[in-house]
There are 2 protein chains.
Amino acid sequence: MKQRSSIIGSVEALPHRVASHLSREIEGGDIIPGARLPTESQLADKFGVSRNVVREAIAQLRADGMIEARQGVGAFVMAPEQRTAIRIDREALKDQRNMEQLFELRSILETESATLAAARCTPDDLDAIKAALDRMGGEERWEDGSIEADLLFHRAIARATGNSYIYTFISFVCEQIRQSIHYARLTNPLHDLVEVNVAEHVRIYDALATHDPQAAGEAMRRHIDGAASRVGVELTAKINRGK
Amino acid sequence: MKQRSSIIGSVEALPHRVASHLSREIEGGDIIPGARLPTESQLADKFGVSRNVVREAIAQLRADGMIEARQGVGAFVMAPEQRTAIRIDREALKDQRNMEQLFELRSILETESATLAAARCTPDDLDAIKAALDRMGGEERWEDGSIEADLLFHRAIARATGNSYIYTFISFVCEQIRQSIHYARLTNPLHDLVEVNVAEHVRIYDALATHDPQAAGEAMRRHIDGAASRVGVELTAKINRGK
DNA sequence: CTTGCCTGAGTTGTAGGATGACCCTATGAT
DNA sequence: ATCATAGGGTCATCCTACAACTCAGGCAAG
């Protein structure tokens with residue numbers, strides 16, 4: 001293949017690199033919302049790639065709602081508030097401050113999730129939650145599998161709310177946190193003492209089983225806050241809690 | 001252009017249609033996680049489009065983390081829980097049940113948002129919130145602009161929490177609801193009585209200005225519940241509220 | 001038999017060019 | 001002044017060709 005000179009980094013596939021580059025330009029404010037992007041041909045020249053690659057990059061950005069393309073006119077960048085998708089940048093999660101914020105959001109969602117689940121969960125839901133709990137306390141203890149079981153536990157509760165959006169959002173947030181921790185462990189092997197506190201989970205389960213919304217919410221809140229501090233995140237300024 | 005026979009619907013652009021079709025097949029369980037997709041050529045034949053279109057479709061799905069492609073091997077579908085993005089299908093929001101769930105999620109997020117904002121907001125934050133409030137009560141009343149001002153109001157509060165994820169999630173949820181209402185109004189012109197209740201907003205603002213977290217949270221909760229019922233959504237089973 | 005290399009088929013990644021569909025504007029006729 | 005039309009610019013789609021990569025199977029040396 002003809003060797004082309006590229007102005008961007010390495011490793012990742014070309015469309016992804018172009019998309020990231022454009023994304024950064026937009027996030028950084030180099031291109032203001034409403035403005036038109038250069039034409040596909042111009043971008044292809046600029047990045048030293050084929051127009052096909054540019055189109056795939058734009059396809060990704062468009063899927064995020066970051067860009068809207070109008071045939072015969074051009075591609076325009078959208079205001080960040082009207083994105084049709086939520087994506088969390090993996091890089092951003094390496095920042096401890098972002099982890100704090102993510103845990104705070106998780107605390108909010110999960111607390112209410114437990115509260116709703118306590119009021120609405122069916123016997124089947126309880127079975128699923130119990131199953132995850134058993135996996136956690138079983139032989140998979142301290143293993144990687146226990147983290148999976150932990151995720152399963154929280155997802156099962158979210159499912160029991162009967163609200164698919166709550167389930168989606170919680171799954172998403174938890175997964176981001178999990179991957180972030182996983183990454184941190186790779187770079188710093190000492191980190192694998194993120195033990196799962198089984199007792200806390202049992203307390204949550206008991207509250208759910210007895211259909212006690214308030215107790216479930218409070219147990220969950222304590223659990224999330226504890227989990228946060230266990231990975232080095234302190235949820236500060238917890239007003240309005242324990243009201 | 002050569003006329004090709006397509007097995008899929010109409011209107012939207014080809015790559016988006018292909019992506020939606022594949023997405024539905026994956027969500028529906030026709031293709032289990034871990035399995036390999038047909039080759040790009042096969043998909044191109046199947047859908048009656050060029051391989052290029054298939055590639056753009058896959059680029060979208062890959063951006064969502066729904067699919068992972070490995071050069072020389074194939075494309076594989078990922079487990080739904082480890083998506084790197086959240087997207088809400090516009091079609092799904094036409095279902096009233098989904099709107100209920102979305103409003104329930106919004107109620108949770110916004111209530112806590114107001115609570116946190118009351119404790120953390122700076123004078124600058126209050127100014128921004130006040131500005132949105134003024135726009136609402138001003139001449140833009142009953143107009144489309146008042147809805148924009150309403151969004152501005154809620155986003156300003158979310159920003160005052162100092163938590164960028166809370167801001168992102170609330171912006172996202174609000175925008176989904178706004179667009180859904182906008183769409184409903186197009187199909188049913190009688191719907192434009194979604195008046196903005198200024199008094200409720202003032203009450204929220206006052207609570208924020210006096211840094212009263214509990215009052216802010218409660219005012220916001222009432223406001224969201226009221227807004228929900230105004231567009232025909234009843235938030236049922238509101239346990240754990242007013243505790 | 002085992003090991004290692006090599007080759008070839010299959011698949012995704014990229015390039016580049018051609019054409020259709022669409023939007024906007026300027027030009028010119030009415 | 002108004003409207004129809006032509007032209008150029010842009011995205012949408014298609015096509016073909018080739019590069020890069022993976023994997024499995026053949027094959028020869030040990």
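Proteins come first, then strands; the chains are lettered A, B, ... in the order of their sequence lines, and each starts at number 1.
Under the rule for a salt bridge (Lys or Arg N to Asp or Glu O under 4.0 Å), B/Arg36 has no partner lying at least two apart in sequence or in another chain. Evaluation of the side-chain contact (heavy atoms from CB on, under 4.5 Å) rule for B/Ala131 yields no partner, not counting sequence neighbours. With sequence neighbours excluded, the residues satisfying side-chain contact (heavy atoms from CB on, under 4.5 Å) with B/Leu152 are B/Ala132, B/Arg135, B/Arg155. For A/Glu68, there are no side chain to side chain donor-acceptor pair (under 3.5 Å) partners, not counting sequence neighbours. Remark: A/Glu110 engages A/Arg106, A/His154 in a side chain to side chain donor-acceptor pair (under 3.5 Å) (not counting sequence neighbours).
Nearest heavy-atom pair, B/Asp150 versus B/His201, reported as atom, atom and distance to 0.1 Å: OD1-NE2, 2.7 Å.
Rounded to whole angstrom, the span from the CG atom of B/Leu14 across to the P atom of C/dC22 amounts to 13 Å. The CG-C1' distance, from A/Leu43 to D/dC11, rounds to 12 Å in whole Å. A straight line from CZ of A/Arg17 to C1' of C/dT14 spans 12 Å, rounded to a whole angstrom. One interatomic measurement links the two molecules: CD of A/Glu68 to C1' of D/dA12, which rounds to 15 Å at whole-angstrom precision. Across the protein-nucleic acid pair, A/Asp45 atom CG and C/dA15 atom C1' stand 13 Å apart, rounded to whole Å.
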Which letters describe nucleotides 7-12 of chain C, given B = protein heavy atom under 4.0 Å from base, S = only from sugar-phosphate, - = neither? ---BBB
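Distances shown here put every side-chain N or O of A/Ser50 at or beyond 4.0 Å from the OP1 or OP2 atom of C/dT14.
Judged by distance alone with a 3.5 Å cut-off, no donor-acceptor contact links the side chain of A/Asn52 to the base of C/dG13.
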